[in-house]
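Working notes, beginning with the structure itself.
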Amino acid sequence: MHIGLIGLGKMGFNMRERLRKGGIEVTGFDRNPDVTDVASVDELLTAVPAPRLIWVMVPSGDITDAVITELGNKLDAGDLVIDGGNSRYTEDQKHGAALAEKDIRFADCGVSGGVWGLQNGYGLMAGGDAADIDRAMPVFDVLRPEGERADSFVHVGGVGAGHYAKMVHNGIEYGLMQAYAEGYELLAAKEIVTDLPGTFRAWQKGTVVRSWLLDLMVKALDEDPGLASIDDYVEDSGEGRWTVEEAIANAVPAPAITAALFARFSSREDNSPAMKMVSALRHQFGGHATRPAK
């Protein structure tokens, strides 16, 4: 199988390598000449055999919109575009409708795994018609971890459903990170606790709060025991806000996720050990930039 991949940043670069190791031929394009395989989108489309499968892995918003608009003007009927970035589900529906007018297929896929996906595989949440998802299944199977497909891949529903599921996934992630971080701050504030990193390490096996995030928390403390090098300013990349907005629109109470989002806003005003940990965790799992301590 031979696909095109547009966007070779932190996620796309590693996805290209995992696909190639799994036997999928990939032609990648990126504006960065140091990582791209071809000099232009036109060259990429020439290299990928018809009917083409083009995976888009660029930042959500205007950049994704521009790439999909360009593809809509250059692809042929029967080609398939998959948006694997973090687009809002309403954008998927808009893009799918626009491409459908030209008989170009469209699907969306929420991708979780961050900078560790090359080694561990990615959790995948796909949205689109069943025939399009089946067509791309060899790609999904290489990207996901080994083992049962249902443990790391789901066809959530129609176009937009994959990114909707990923949005909620990231909202849950906000709440989990905030809970770990607040526990960290509370332990750090108590004088009788003399081995803070060891406390979290002892939770990694056998406790109900064990998780990959906890493992990354221990790793962050091993690298910087007091998180002295990290500022407590924490960005939010959009999905948390969208989750809260959807909760309001659907009258679904989401106090933990909402509070976690607001805590990120507060991190931009105060010095907070908890928000240092949230920043450290975002860097650990996703390679998100941290700000140096003031």
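All values derive from a computational prediction rather than experimental measurement.
Between the side chain of Thr258 and the backbone N or O of Pro255 there is no donor-acceptor pair closer than 3.5 Å. Within the 3.5 Å criterion, the main-chain N or O of Val142 finds a donor-acceptor partner in the side chain of Arg18. No donor-acceptor pair under 3.5 Å is formed between the side chain of Asp129 and the backbone N or O of Ala131. Judged by distance alone, with hydrogens and angles left aside, the side-chain atoms of Arg105 form no donor-acceptor pair with the main-chain N or O of Val81 at under 3.5 Å. At least one donor-acceptor pair under 3.5 Å links the side chain of Asp30 to the backbone N or O of Leu8. Between the side chain of Asp79 and the main chain of Arg52, a donor-acceptor pair closer than 3.5 Å is present.
Heavy-atom contacts from other residues, nucleotides or ligands closer than 6.0 Å to CG of Asp62 number 12 or fewer. Heavy-atom contacts from other residues, nucleotides or ligands closer than 6.0 Å to CZ of Arg20 number more than 12.
Between the side chains of Lys166 and Asn170, at least one donor-acceptor pair of N or O atoms lies under 3.5 Å. Residues Tyr174 and Thr243 have side chains that never bring a donor and an acceptor to within less than 3.5 angstrom of each other. Under 3.5 Å, the side chains of Ser229 and Asp224 contain a donor-acceptor pair of N or O atoms. His155 and Asp134 are not linked by any side-chain donor-acceptor pair at a separation below 3.5 angstrom, with hydrogens and angles left out of the test.
Figure legend: cation-pi geometry between Arg144 and Phe153 absent, as NZ or CZ is not positioned both under 6.0 Å from the six-membered ring centre and within 45° of its axis.
With contacts defined as side-chain heavy-atom distances shorter than 4.5 Å, the pair Ser112/His169 qualifies. For the pair Val56 and Leu5, the minimum side-chain heavy-atom distance is 4.5 Å or more. For the pair Phe29/Val67, no side-chain contact is recorded, criterion being any heavy-atom separation below 4.5 Å from C-beta on.
Members clustered with Val252: none, using a 4.5 Å side-chain heavy-atom cutoff among hydrophobic residues.
Annotation: side-chain contact (heavy atoms from CB on, under 4.5 Å) contacts of Leu176 (sequence neighbours excluded): Ile172, Leu213. Scored by the side-chain contact (heavy atoms from CB on, under 4.5 Å) test, His2 finds Glu25, Thr27, Val48, Pro49 as partners (sequence neighbours excluded).
Met137 and Tyr122 fall within a single hydrophobic cluster, where Ile, Leu, Val, Met, Phe, Trp and Tyr side chains are chained together by heavy-atom contacts under 4.5 Å. Cluster membership check: Val156 does not share its hydrophobic cluster with Val159, using side-chain heavy-atom separations under 4.5 Å among Ile, Leu, Val, Met, Phe, Trp and Tyr.
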Problem - Steps toward side-chain contact (heavy atoms from CB on, under 4.5 Å) verdict (Lys102, Asn73) - result: CA-CA 9 Å; Lys102 302 179 181 183; Asn73 292 328; 2.9 Å; yes
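Ring orientation note: the planes of Phe200 and Tyr184 are tilted relative to one another, at an angle of 30° to 60°.
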